[in-house]
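First up is the structure itself, then whatever we jot down about it.
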Amino acid sequence: MGDTNGQVVAGGHGEGNRLDQLNRPTDVLIDKETNSLIICDWKNQRVVRWSRRSGTTQGEILIDNIGCWGLAMDDQRYLYISDIKKHEVRRYQIGDKNGTIVAGGNGKGAGLNQLNAPRFIFVDQQQTVYVSDWDNHHVMKWNKGAKEGIVVAGGQGQGNALTQLSYPQGLFVDTLGTIYVADPNNDRVMRWPKGAEQGTVIVGGNGKGEGANQFRYPRGLSFDRHGNLHVADCNNHRVQRFSIE
């Protein structure tokens with residue numbers, strides 16, 4: 001806190017596929033157990049791990065040849081990865097290269113057993129998987145072991161009504177099952193209470209722009225332990241923090 005300069009902790013040697021390089025990383029999480037970063041190295045089609053210990057100069061490949069985009073880890077340290085090429089989410093034990101399909105896996109489509117270019121994922125304590133199903137313009141929930149998902153946000157086609165999303169991305173689900181989702185093409189972040197037919201706009205939704213209440217393509221989001229919402233405001237090249245009531 002208070003730093004005005006960041007510190008490079010992974011990559012930093014230009015675009016490339018060497019072990020000391022990354023190419024358009026899309027997601028990252030911290031594995032506290034091994035004090036390392038797990039990174040979706042999207043353009044290199046691989047998931048890599050970088051130790052956070054000082055002196056680390058390169059990462060190691062955990063899984064390669066995967067169209068990864070989003071990452072999540074549950075309380076049992078299972079790793080979940082969305083694959084935008086195979087239209088599925090798989091769960092992996094660290095060290096396992098094959099994984100188990102936990103959402104989608106039935107080709108590209110809009111059926112309840114399918115996904116279409118899944119982006120970000122969130123996993124709760126029951127190992128329920130939530131997926132922002134990008135090209136289907138909705139968020140899906142897959143209970144543990146389920147063969148089909150449930151649409152829990154959007155699902156009324158692409159648009160800007162309160163029942164709709166447009167290419168949803170970043171995702172967070174609280175302990176009550178309330179869904180927070182970045183709705184980038186509508187330049188807003190929405191909240192969908194559990195079981196709700198429509199969402200509410202909690203930040204943005206004031207047109208595309210650079211104002212403090214505006215976004216240009218909000219892509220990622222997360223909450224800190226004080227309940228502040230942080231939004232990666234992609235095309236404004238900034239991260240914004242909001243206190244949410």
| task | Sequence neighbours left out, what pairs pass ring-ring contact (aromatic ring centres under 6.0 Å, His included) with at least one residue falling in residues 225-245? | result | F215-F242
| Check: N236 side chain, R238 main-chain N or O, donor-acceptor pair, under 3.5 Å | no
| said: Looking at D27 and L71, would you say the former's side chain and the latter's main chain have a donor-acceptor pair under 3.5 Å? | reply: yes
| Heavy-atom side-chain contact between I84 and W42 under 4.5 Å | yes
| query | Under 3.5 Å, is there a donor-acceptor pair between the side chain of K208 and the main chain of Q214? | reply | no
| request: Look at the side-chain heavy atoms of Ile, Leu, Val, Met, Phe, Trp and Tyr, link any pair under 4.5 Å apart, and say whether I81 and V89 land in one connected group. | output: no
| query | If only atom types and distance count, is the side chain of N136 paired as donor or acceptor with the main-chain N or O of H138 below 3.5 Å? | reply | no
| Ion pair R216/D233, N-O distance below 4.0 Å | no
Under 3.5 Å, which donor-acceptor pairs link side chains of residues 148-160 to any protein atom two or more places apart or in another chain?
| from | atom 1 | to | atom 2 | distance (Å) |
| --- | --- | --- | --- | --- |
| Q158 | NE2 | S166 | OG | 3.0 |

| field | 4.5 Å side-chain heavy-atom contact, K144 and Q126 | value | no
| message | For D41, is there any backbone N or O sitting under 3.5 Å from a side-chain donor or acceptor partner on N23? | response | no
| request: State, with a plain yes or no, whether a side-chain heavy atom of M190 is found less than 4.5 Å away from one of Y180. | output: no
| Are the side chain of D224 and the backbone of G227 linked by a donor-acceptor contact shorter than 3.5 Å? | yes
| field | D3 (side chain) donor-acceptor with G6 (main chain) under 3.5 angstrom | value | no
| Of all pairs that satisfy ring-ring contact (aromatic ring centres under 6.0 Å, His included), the ones with a partner from residues 3-26, not counting sequence neighbours | none
| Parallel, tilted or perpendicular: which describes the rings of F120 and W69, with under 30° parallel and over 60° perpendicular? | perpendicular
| Backbone N/O of W134 and side chain of S132: donor-acceptor pair under 3.5 Å | no
| said: Tell me if a side-chain donor or acceptor on D74 pairs with a main-chain N or O of V123 at a distance below 3.5 Å. | reply: no
| task | May I have all residue pairs that pass side chain to side chain donor-acceptor pair (under 3.5 Å) and include part of residues 108-121, sequence neighbours excluded? | result | none
| Which residue pairs satisfy the ring-ring contact (aromatic ring centres under 6.0 Å, His included) criterion with at least one member in residues 89-113, sequence neighbours excluded? | none
| query | Salt-bridged, D83 to K85, with N to O below 4.0 Å? | reply | no
| said: So R90 and I66, do their side chains get closer than 4.5 Å, heavy atoms only? | reply: no
| message | Measuring only between side-chain heavy atoms, which start at C-beta, is L171 closer than 4.5 Å to I179? | response | yes
| ring pair (Phe, Tyr, Trp, His ring centres under 6.0 Å) involving W50 - partner list, sequence neighbours excluded | none
| said: Would you say L229 ends up clustered with V181 if hydrophobic residues are merged whenever their side chains have heavy atoms under 4.5 Å apart, either directly or through other cluster members? | reply: yes
| note | P184 and P168 have their tightest heavy-atom pair at CD-CA, 4.0 Å
| If only atom types and distance count, is the side chain of D174 paired as donor or acceptor with the main-chain N or O of L176 below 3.5 Å? | yes
| request: Please report the C-alpha distance between T34 and R49 in whole Å, then the side-chain angles of each, then the deciding distance to 0.1 Å, and finally whether the side chain to side chain contact (heavy atoms under 4.5 Å, CB included) criterion is met. | output: CA-CA 10 Å; T34 58; R49 178 165 63 191; 4.3 Å; yes
